[in-house]
2 protein chains.
Amino acid sequence: MNALMSKKHQTRALIMKALAHPSRIMMIEELGKGPRCVCELQRLVGSDISTVSKHLSVLKNAGLVYDIKQGTTVYYNLKVECALDFIVCVDKIINSYTTNTVHISFPEVPRAKCCAKLKQ
Amino acid sequence: MNALMSKKHQTRALIMKALAHPSRIMMIEELGKGPRCVCELQRLVGSDISTVSKHLSVLKNAGLVYDIKQGTTVYYNLKVECALDFIVCVDKIINSYTTNTVHISFPEVPRAKCCAKLKQ
DNA sequence: TACTTATTTGGCTATATTGCCAAATAAGTA
DNA sequence: TACTTATTTGGCAATATAGCCAAATAAGTA
């Protein structure tokens, strides 16, 4: 894997990581309904307001939300609609936990040994 | 937020977390092409084989992959096709980094103060 | 200016994740 | 049985993440 590939996968992981927390998923879902201030999101998730603020900066850093200041209030907005698609994807997977049928699929031909260390 | 809601969001986060690592994203993408043994995935990501094995157990634990043993070789398989949708979602977001136009949207009416602590 | 409201930042501790090595396990082969 | 191959597990150190409190910042109001 070259450095360019690595960069790409790191960017992907940054976005996934941003969504990899219960509070942040909740907030993204809520922001799908419209802009919300930090206070409103704080009531939603129930953590300390400083914690919520830090979660929001993670989402912002990943490019998922943006903020607009009005007086002393900061409104957070969903930047990319498709962030909501993630939640649909996840819930599909959760549903598949019970309904999914496993397809057994072997490689067509036996492969040569691929893991052995070279002899010295 | 009640305990049931919390449970749901934790399950969602478990799946997101499983995908929140460059190597694991790479492996999911590769498994989209067909079953692969641990060795093949190890060559793909370039980490120690024990590290790769642990990454795979994270994916398995989240219900994203399953494994089938053939002799000494373990073939990993994508369990849910829609795990690939995530990667499409992420790449859409990455593309939006440059092309996305911000829609400024304020709440229609000014809201009452919502954050102040009660006076004692 | 002093106070209030809303939010962010710094700092700290607790916890989780990552990645390597070494050892263990599992299954096939000489 | 001893050896080889493929993979998993245990253990450990390094790093990252989370969440709280206290303090700082920003903007409005009396």
Side-chain angles (χ1 to χ4, degrees), chain A residues 1 6 9-10 13-14 16-27 35-43 45-62 65-77 107 110-120, chain B residues 1 6 9-10 13-14 16-27 35-43 45-62 65-77 107 110-120:
Chain A
M1 188 189 47
S6 166
H9 289 281
Q10 268 165 31
L14 180 83
M16 294 287 195
K17 267 189 212 175
L19 289 159
H21 191 284
S23 302
R24 293 198 293 261
I25 295 173
M26 258 193 278
M27 291 194 281
R36 296 287 185 272
C37 70
V38 183
C39 267
E40 290 171 311
L41 297 170
Q42 193 251 312
R43 275 200 299 276
V45 304
S47 313
D48 190 273
I49 192 125
S50 68
T51 302
V52 173
S53 177
K54 279 175 186 173
H55 279 313
L56 285 165
S57 79
V58 171
L59 293 173
K60 191 175 163 183
N61 188 245
V65 302
Y66 65 94
D67 61 313
I68 289 169
K69 196 161 190 175
Q70 259 196 312
T72 57
T73 306
V74 178
Y75 289 98
Y76 278 86
N77 300 260
R111 305 180 199 193
K113 56 191 169 183
C114 64
C115 197
K117 283 157 208 141
L118 293 169
K119 273 189 180 169
Q120 286 154 4
Chain B
M1 187 187 49
S6 165
H9 289 280
Q10 268 165 31
L14 180 83
M16 295 287 195
K17 268 190 213 174
L19 289 159
H21 191 285
S23 302
R24 294 198 292 261
I25 295 173
M26 258 193 277
M27 290 194 283
R36 296 287 186 272
C37 70
V38 183
C39 266
E40 289 170 310
L41 297 170
Q42 192 251 312
R43 276 200 299 277
V45 304
S47 314
D48 190 273
I49 192 125
S50 68
T51 301
V52 173
S53 177
K54 279 175 185 173
H55 279 311
L56 286 165
S57 79
V58 171
L59 292 173
K60 191 176 163 183
N61 187 246
V65 304
Y66 64 94
D67 60 314
I68 290 169
K69 196 162 192 177
Q70 259 195 311
T72 58
T73 305
V74 177
Y75 289 99
Y76 277 86
N77 301 259
R111 304 181 201 193
K113 55 191 171 183
C114 64
C115 196
K117 283 156 208 144
L118 292 170
K119 272 189 179 169
Q120 287 155 2

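In the text below, chain A, chain B and the rest are named by the order of the sequence lines, each starting its count at 1. Values below: every heavy atom of this structure, side chains too, minus hydrogens, waters and symmetry copies.
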Rounded to the nearest Å, what distance is computed from the [atom1] atom of residue [X] to the [atom2] atom of nucleotide [N]?
X       : N      : atom1 : atom2 : answer
B:Met16 : C:dA16 : CE    : C1'   : 19 Å
B:Leu56 : D:dA6  : CG    : C1'   : 13 Å
A:Asp67 : C:dT9  : CG    : P     : 10 Å
B:Arg24 : C:dA16 : CZ    : C1'   : 12 Å
B:Glu40 : D:dT7  : CD    : P     : 9 Å
B:Gln42 : C:dT18 : CD    : C1'   : 16 Å
A:Leu59 : C:dT8  : CG    : C1'   : 15 Å
B:His21 : C:dA16 : NE2   : C1'   : 13 Å

For a quick check of understanding: with a heavy-atom distance under 4.0 Å over all strands, which category does [X] fall into, base, sugar-phosphate or nothing?
X       : value
B:Ser53 : base
A:Lys54 : base
A:Thr73 : sugar-phosphate

Exercise for review: Let me know, please, whether A:Gly46 or B:Ile49 comes out on the 5' side of the other along DNA chain D by nearest nucleotide.
Suggested key: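 On the 5' side of the pair lies B:Ile49.
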I'd like to know if the side chain of [X] and the backbone of [Y] have a donor-acceptor N/O pair within less than 3.5 Å.
X       : Y       : value
A:Arg24 : A:Val58 : no
A:Ser57 : A:Lys54 : yes
B:Asp67 : B:Val65 : no
B:Gln42 : B:Ser47 : yes

Under a 4.0 Å heavy-atom criterion, the protein footprint on nucleotides 24-30 of chain D, written with B, S and -, is --SBS--
Q.
Under 4.0 Å from OP1 or OP2 of C:dT8: is there any side-chain N or O of A:Tyr76 that close?
A.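 Yes, A:Tyr76 has a side-chain N/O under 4.0 Å of OP1/OP2 on C:dT8.
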Check your understanding: Side-chain N or O of B:His55 less than 4.0 angstrom from OP1 or OP2 on C:dG19?
Key ->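 Yes, within the criterion.
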Given Watson-Crick and G-U pairs under 3.5 Å, DNA chain C in dot-bracket ([ ] crossing, | other strand) is ||||||||||||||||||||||||||||||
Heavy-atom side-chain proximity of [X] to [Y] below 4.5 angstrom:
X       : Y       : answer
B:Ile49 : B:Cys39 : yes
A:Val45 : A:Thr51 : no
A:Val52 : A:Leu56 : yes
A:Tyr75 : A:Gln70 : yes

* To do: For B:Val58 and for B:Ser50, find the nucleotide of DNA chain C with the closest heavy atom, then tell me which residue's nucleotide is more 5'.
  =>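 Comparing both residues, the 5'-ward one is B:Val58.
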Which of these nucleotides, C:dA6, C:dC21, C:dT8, is closest to any side-chain atom of B:Asp48?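 Selected nucleotide (nearest to the side chain): C:dC21.
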Pair A:Val38, A:Thr73 - check side-chain contact (heavy atoms from CB on, under 4.5 Å), show working.
CA-CA 8 Å; A:Val38 183; A:Thr73 306; over 6 Å; no
Exercise for the section: Output, in order, the C-alpha distance, side-chain angles, deciding distance and verdict of side-chain contact (heavy atoms from CB on, under 4.5 Å) for A:Cys37 and A:Val74. Expected result: CA-CA 5 Å; A:Cys37 70; A:Val74 178; over 6 Å; no
